[in-house]
Asks: 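Before I ask anything, let me first share the structure, which is written out below as structure tokens.
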Amino acid sequence: MTMRSRRPTPRPISRLVRLLSAVSLLALTAALPACSTNPATGEQQFAGLMSPQQERQVGKEQHSQVMAQFGGPYDNQQVTGYVNRLGQSLAQHSEMPDLAFTFTVLDSPIVNAFALPGGYVYVTRGLLALADSEAELAGVMAHEIGHVTARHSAERYSQGTVANVGVALLGVLTGSNELAGVAGYGAQAYLQSYSRSQEFEADTLGVRYLTRAGYQPNAMASFLYKLDQHSRLQAQLAGKSPDVVDQTNIMATHPRTVDRVEAARQAAGVTAAPDARIGHEEHLQSIDGMLYGDNPAQGVVRGQEFIHPDLRFRFTVPEGYTLVNGQTQVQATGPNGATIVFDMDKPQGSPSARDYLAAWGQSLQVSSVEQIQVNGMNAATASVRANTNRGPADVRLVAIAGGEGTFYRFLFVTPPQQTQQLSAGLQQTTYSFRRLNASEAGNVRPERIALYRTRAGDTQQSVAARMPAGPFQLERFTVLNGLPAGQMPPTGSLLKLVTQ
């Protein structure tokens with residue numbers, strides 16, 4: 001997680017007035033005509049709120065926000081140079097070869113890719129790790145280039161602006177940003193889904209560019225299979241049904257099927273060359289040594305423990321809870337919808353832990369704030385019964401004064417019928433929070449992609465055992481390499497491992 005200080009929240013009435021004014025303004029500007037012939041599709045197109053020049057300007061302005069929200073750019077010239085060369089090559093085969101495309105690798109472990117208006121295309125290092133060939137990565141990037149040349153990103157940006165206003169309005173009306181976050185109301189305009197017709201159009205254009213550049217177009221379908229397997233595994237790791245898709249996952253933001261990709265290939269009307277490029281080993285060599293999973297600079301998850309070596313703290317959640325590290329907070333999902341949310345805040349002034357917690361919990365109408373000590377740090381806690389979109393819930397707030405005006409915060413949400421049973425474990429989580437010394441922080445090593453060439457007698461189990469121990473170790477290995485259950489590639493094949 002990348003910690004940020006929060007500023008005082010404006011009063012609800014003034015926020016509501018601004019939001020309603022914004023909605024009115026958007027409604028008026030959206031009515032302005034903006035039709036043109038799209039060079040990629042050849043069709044008349046309503047371009048939303050932006051001209052091509054405005055698209056580039058909006059993309060440039062939003063680029064810094066994307067950097068902040070998604071972990072910033074990945075600082076590795078080998079990887080970023082590879083992605084840029086591949087992207088620029090594909091862009092030259094589009095209908096907009098003169099557009100100054102910008103390709104960025106985001107320092108994020110989630111598997112996703114998206115585009116902003118004006119040719120800003122992003123892929124995460126999580127996606128690079130999952131891709132098994134240059135052709136698969138090229139398929140993803142060609143699809144995003146297709147969204148840009150078809151001007152879908154401009155259309156979606158306009159729609160996303162309205163959507164963000166609606167979500168903010170909902171936060172005002174509910175009166176509780178904390179519970180809204182737990183209930184899943186957060187909106188990320190960059191990751192909103194395209195329409196089915198836009199996805200099909202981007203696939204059709206993507207296949208066209210992929211084939212023109214000399215790559216095997218079937219790689220788009222093979223990567224979709226890997227995405228599906230990865231999405232199912234991530235759901236299981238989070239303690240959810242394998243059919244549940246995380247809304248930051250590319251399977252949610254780009255909902256497509258192999259059949260639809262195949263239909264797009266036929267609609268593109270292109271034929272792959274007999275020697276169409278796949279580039280399996282070239283891709284793996286390009287990402288050898290790349291960070292995998294959480295970046296220690298943003299905190300790491302190690303089983304039931306969250307460790308932030310840069311900010312020097314750690315805490316542990318109970319068995320049965322699954323930790324997920326986000327950009328601004330850490331969440332853990334437990335039994336029957338129990339949730340732990342951890343983040344940091346730096347309010348104005350220098351309030352005591354008791355006064356800070358009372359102000360933090362004001363919207364929940366907390367009372368009876370209790371002062372406590374957590375490993376030598378002043379802290380406060382309070383609990384309240386609240387209503388959420390999932391029904392009544394018991395909410396406990398914990399604020400720990402960390403020094404220099406910083407507060408570490410836990411938000412525990414439990415179903416009322418489970419609170420008593422779960423309370424001991426949540427209390428242990430509170431008191432597990434402690435600061436790290438320099439030696440402890442220095443011992444936190446990142447996970448990285450390493451390459452392994454198969455030998456005679458290797459099995460999936462024996463090679464998977466070379467990776468760090470943890471839940472679903474075998475499944476993590478097979479999904480990472482796109483291997484069918486029980487099957488190994490021929491001796492001498494190159495595979496990906498995760499090492500520390």
Side-chain angles (χ1 to χ4, degrees), residues 1-6 68 71-72 74-76 107-109 289-332 334 340-347 349-354 356-357 360 370-381 396-412 424-448 450 467-471 498-500:
M1 64 186 292
T2 303
M3 302 298 189
R4 300 182 181 87
S5 299
R6 295 188 177 184
Y74 180 51
D75 186 16
N76 181 298
D107 189 8
S108 172
M290 184 180 69
L291 277 176
Y292 181 83
D294 294 327
N295 186 332
Q298 300 169 0
V300 298
V301 173
R302 295 287 188 264
Q304 302 307 112
E305 188 173 40
F306 178 77
I307 311 169
H308 205 306
D310 281 17
L311 298 178
R312 293 194 181 181
F313 67 80
R314 49 84 67 195
F315 63 85
T316 304
V317 300
E319 291 293 332
Y321 285 75
T322 301
L323 273 167
V324 177
N325 186 19
Q327 290 300 315
T328 58
Q329 63 185 20
V330 180
Q331 292 196 32
I340 302 171
V341 179
F342 173 86
D343 66 2
M344 289 174 62
D345 190 25
K346 193 169 185 177
S350 301
S352 66
R354 184 188 186 99
Y356 175 80
L357 190 135
W360 176 29
E370 176 187 359
Q371 291 182 254
I372 59 176
Q373 287 277 316
V374 176
N375 291 313
M377 292 172 281
N378 292 326
T381 184
R396 176 167 290 280
L397 307 177
V398 177
I400 304 170
E404 299 181 353
T406 297
F407 283 89
Y408 303 102
R409 313 193 307 183
F410 285 103
L411 177 71
F412 302 112
L426 300 182
Q427 186 178 50
Q428 290 172 5
T429 293
T430 297
Y431 289 99
S432 73
F433 182 90
R434 68 176 179 85
R435 304 304 300 267
L436 300 177
N437 59 39
S439 176
E440 291 172 319
N443 287 332
V444 180
R445 295 178 298 173
E447 294 183 334
R448 295 185 180 276
M467 293 176 39
V498 176
T499 60
Q500 286 184 339

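In what follows, residues are counted from 1 in the order of the sequence shown.
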Asks: Can you list everything that forms a side chain to side chain contact (heavy atoms under 4.5 Å, CB included) with Val444? Sequence neighbours excluded, please.
Replies: Val300, Ile307, Pro309
Asks: Check whether any side-chain heavy atom of Met344 lies under 4.5 Å from a side-chain heavy atom of Phe313, and answer yes or no.
Replies: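 Yes, their side chains come closer than 4.5 Å.
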Asks: Look only at the side chain of Arg435 and the backbone of Arg312, and say whether a donor-acceptor pair between them is shorter than 3.5 Å.
Replies: yes
Asks: Ignoring hydrogens, what is the shortest heavy-atom contact between Ser352 and Phe407? Give both atom names and the distance.
Replies: O-CZ, 4.0 Å
Asks: Pick from Thr316, Val317, Leu323: which one makes a side chain to side chain contact (heavy atoms under 4.5 Å, CB included) with Glu305?
Replies: Thr316
Asks: Where is the tightest heavy-atom contact between Met377 and Arg434, given as atom of each residue plus distance?
Replies: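 Nearest pair, atom of Met377 first, then Arg434: CE-CA, 4.4 Å.
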Asks: Have a look at Asn295 and tell me which of Asp75, Asp310, Asp107 forms a side-chain hydrogen bond (donor to acceptor under 3.5 Å, both in side chains) with it.
Replies: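 Exactly one candidate clears the test, Asp107.
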Asks: Restricting to non-hydrogen atoms, name the atom on Ser432 and the atom on Asn375 that form the minimum distance, rounded to 0.1 Å.
Replies: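 In terms of heavy atoms, the two residues are closest at C-ND2, 4.3 Å.
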Asks: Do you know which two heavy atoms are closest between Leu357 and Leu397, and how far apart they sit?
Replies: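 Scanning both residues completely, I find the closest heavy atoms to be CD1-O, 3.5 Å.
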Asks: Would the distance check show the side chain of Gln304 and the main-chain N or O of Pro318 forming a donor-acceptor pair, the cut-off being under 3.5 Å?
Replies: yes
Asks: Measuring from atom OG1 of Thr322 to atom CD of Gln331, what distance do you get when rounded to the nearest 0.5 angstrom?
Replies: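 Answer for the OG1-CD pair, Thr322 versus Gln331, is 12.0 Å.
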Asks: Could you tell me if the side chain of Leu411 sits less than 4.5 Å from the side chain of Arg409, heavy atoms only?
Replies: no
Asks: A side-chain contact here means heavy atoms from C-beta on lying under 4.5 Å apart; do Asp345 and Tyr356 qualify?
Replies: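 Yes, close enough: below the 4.5 Å cut-off.
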Asks: Which pair of non-hydrogen atoms, one from Asp343 and one from Thr328, has the smallest distance, and what is that distance?
Replies: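 Residues Asp343 and Thr328, closest heavy atoms: CB-O, 3.6 Å.
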Asks: Drop me the distance from Met290's CE to Glu447's CD, to the nearest 0.5 angstrom.
Replies: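 Here the interatomic distance stands at 12.5 Å.
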Asks: Run the side-chain contact (heavy atoms from CB on, under 4.5 Å) test on Phe433 and Val398 for me, step by step, so that the C-alpha distance in whole Å, both residues' side-chain angles and the decisive distance to 0.1 Å come before the verdict.
Replies: CA-CA 11 Å; Phe433 182 90; Val398 177; over 6 Å; no
Asks: Could you work out, with side chain to side chain contact (heavy atoms under 4.5 Å, CB included) as the rule, every residue matching Pro446, not counting sequence neighbours?
Replies: Leu291, Pro296, Arg448
Asks: Say whether, by atom type as modelled, one donor and one acceptor occur between the side chain of Asn378 and the main chain of Ala401 under 3.5 angstrom.
Replies: no
Asks: For Phe315 and Tyr408, I'd like to know if the aromatic rings sit close, meaning centre-to-centre distance below 6.0 Å.
Replies: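 No.
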Asks: What orientation do His308 and Phe306 show, parallel under 30°, tilted 30 to 60°, or perpendicular over 60°?
Replies: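 Rings of His308 and Phe306: perpendicular, over 60°.
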Asks: Where do Ile372 and Ala380 come nearest, in terms of heavy atoms and distance?
Replies: CG1-N, 4.0 Å
Asks: Between atom CD of Gln427 and atom CZ of Arg396, what is the distance when rounded to the nearest 0.5 Å?
Replies: 8.0 Å
Asks: The test is side-chain contact (heavy atoms from CB on, under 4.5 Å); show your working for Tyr292 and Thr499 and say whether it passes.
Replies: CA-CA 9 Å; Tyr292 181 83; Thr499 60; over 6 Å; no
Asks: When you compare the side chain of Thr429 with that of Tyr321, does any pair of heavy atoms fall below 4.5 Å?
Replies: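 The answer is no, as the side chains (C-beta and beyond) never meet within the 4.5 Å cut-off.
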